[in-house]
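FYI, side chains are in, hydrogens and waters are out, and symmetry mates aren't considered; it's all heavy atoms of this structure. Worth saying up front: this structure is predicted, and the values here are computed from it rather than measured. By convention here, the first residue in the shown sequence is residue 1.
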Amino acid sequence: QVHVVESGGGLVQPGGSLRLSCVASGSMFSINAWGWYRQAPGKQRDLVAAITSTEMTTYADAVKGRFTISRDNAKNTAFLQMNNLKTEDTAVYYCNAAGDYGCSGSGCYYVPRDDYWGQGTQVTVSS
């Protein structure tokens with residue numbers, strides 16, 4: 001059984017920054033890939049960024065150049081550094097561990113693992 005926990009959300013003004021963290025515990029294997037998702041009220045949960053064990057990354061177009069995903073393999077931890085936040089970034093942010101990362105002609109993708117979701121952390125961007 002793997003337990004995934006996010007932290008670092010909060011209230012921030014437009015243009016501000018936040019750093020989210022995600023820790024997976026209880027795992028006896030190394031996490032091959034991580035994904036960060038977000039879900040705004042009334043909308044579907046969408047992929048924000050993903051990273052592999054070799055630090056290949058992919059980002060949603062809406063966050064490219066502002067968000068950076070990283071990881072600490074030794075600590076089974078992933079991070080999402082969010083800069084220049086906008087009001088439209090307001091959402092609950094979820095972490096997913098050990099999903100499948102791949103690339104095709106249309107770009108790279110991350111398929112989440114259904115049983116390795118965190119509980120989510122609220123990010124609110126407002127003045």
Side-chain angles (χ1 to χ4, degrees):
Q1 183 69 27
V2 173
H3 191 50
V4 179
V5 178
E6 306 96 336
S7 62
L11 173 64
V12 64
Q13 293 185 342
S17 297
L18 282 175
R19 189 187 195 217
L20 306 183
S21 299
C22 177
V23 179
S25 60
S27 171
M28 299 303 291
F29 57 92
S30 58
I31 306 294
N32 57 322
W34 298 83
W36 281 100
Y37 287 74
R38 67 185 181 187
Q39 187 168 20
K43 297 188 177 181
Q44 67 180 20
R45 188 176 298 187
D46 291 325
L47 180 68
V48 174
I51 187 168
T52 70
S53 59
T54 57
E55 302 194 0
M56 291 180 60
T57 58
T58 189
Y59 295 92
D61 288 343
V63 307
K64 283 181 180 177
R66 300 188 297 121
F67 290 12
T68 303
I69 188 171
S70 60
R71 61 183 294 163
D72 183 333
N73 292 334
K75 297 181 179 180
N76 270 355
T77 302
F79 306 96
L80 186 68
Q81 177 67 43
M82 305 185 295
N83 297 329
N84 191 21
L85 282 160
K86 304 176 181 181
T87 55
E88 52 263 42
D89 295 318
T90 296
V92 178
Y93 283 70
Y94 296 91
C95 176
N96 185 269
D100 292 323
Y101 187 105
C103 296
S104 65
S106 57
C108 296
Y109 59 86
Y110 178 88
V111 180
R113 183 160 175 164
D114 288 343
D115 51 346
Y116 289 176
W117 286 101
Q119 81 290 348
T121 185
Q122 176 70 46
V123 171
T124 302
V125 185
S126 175
S127 54

Let's go through I31 and R71 carefully: what are the C-alpha distance in whole Å and the side-chain angles of both, what is the deciding distance for side chain to side chain contact (heavy atoms under 4.5 Å, CB included) to 0.1 Å, and is it a yes or a no?
CA-CA 10 Å; I31 306 294; R71 61 183 294 163; 4.0 Å; yes
Under the salt bridge (Lys or Arg N to Asp or Glu O under 4.0 Å) test, which residues partner [X], sequence neighbours left out?
X	answer
R45	none
D114	none
R19	none
K64	D61

For [X], enumerate each residue passing the side-chain contact (heavy atoms from CB on, under 4.5 Å) test, keeping only those at least two apart in sequence or located in another chain.
X	value
N83	S17, Q81
A40	K43, A91
S126	L11, T124

Are [X] and [Y] close enough that some pair of their side-chain heavy atoms sits under 4.5 Å apart?
X	Y	value
V123	L20	yes
R113	N96	yes
F79	D72	yes
Y94	V4	no

Not counting sequence neighbours, list each pair that qualifies as a disulfide (SG to SG under 2.5 Å) and has a residue in residues 96-127.
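Qualifying pairs: C103-C108.
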Please list all pairs passing the disulfide (SG to SG under 2.5 Å) test where one or both residues lie in residues 53-101, with sequence neighbours left out.
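Passing the test, one end in residues 53-101: C22-C95.
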Between Y101 (side chain) and T57 (backbone), is there a donor-acceptor pair under 3.5 Å?
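Yes, because the side chain of Y101 sits within donor-acceptor range (under 3.5 Å) of the backbone of T57.
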Donor-acceptor pair, distance only, cut-off 3.5 Å: does the side chain of E6 make one with the backbone of Q119?
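Flag set: sc E6 to bb Q119 pair under 3.5 Å.
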Rounded to the nearest 0.5 Å, what's the gap from CD1 on I69 to CD on E55? Could you check?
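Going from CD1 on I69 over to CD on E55, the span is 10.0 Å.
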Going by side chain to side chain donor-acceptor pair (under 3.5 Å), name the residues that satisfy it together with T121, two or more places apart in sequence or in a different chain.
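Expected list: none.
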Looking at every heavy atom in both L18 and G8, which two are closest together, and how far apart are they?
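Closest pair (atom of L18, atom of G8, distance): CD2-O, 3.8 Å.
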Closest non-hydrogen atom pair, P14 against T87
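Taking every non-hydrogen atom into account, CG-CG2, 4.1 Å.
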Consider only side-chain heavy atoms of I, L, V, M, F, W and Y, link residues closer than 4.5 Å, and tell whether V2 and Y37 are in one cluster.
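No; tracing contacts between hydrophobic side chains, which count when under 4.5 Å, never links both residues.
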Is it true that F67 and V12 fall in one hydrophobic cluster, defined by side-chain heavy atoms closer than 4.5 Å?
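In one cluster with F67: V12, yes.
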Would you please name every residue forming a ring pair (Phe, Tyr, Trp, His ring centres under 6.0 Å) with Y93, sequence neighbours left out?
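For Y93 there are no ring pair (Phe, Tyr, Trp, His ring centres under 6.0 Å) partners, ignoring immediate neighbours.
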With respect to L47, which candidate in W36, Y109, Y110, Y59 satisfies the side chain to side chain contact (heavy atoms under 4.5 Å, CB included) definition?
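Among W36, Y109, Y110, Y59, the one that satisfies the side chain to side chain contact (heavy atoms under 4.5 Å, CB included) with L47 is Y110.
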Any pair counted as salt bridge (charged side-chain N to carboxylate O under 4.0 Å, His left out), so long as it reaches residues 83-108, sequence neighbours left out:
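Qualifying pairs: R38-D89, R66-D89.
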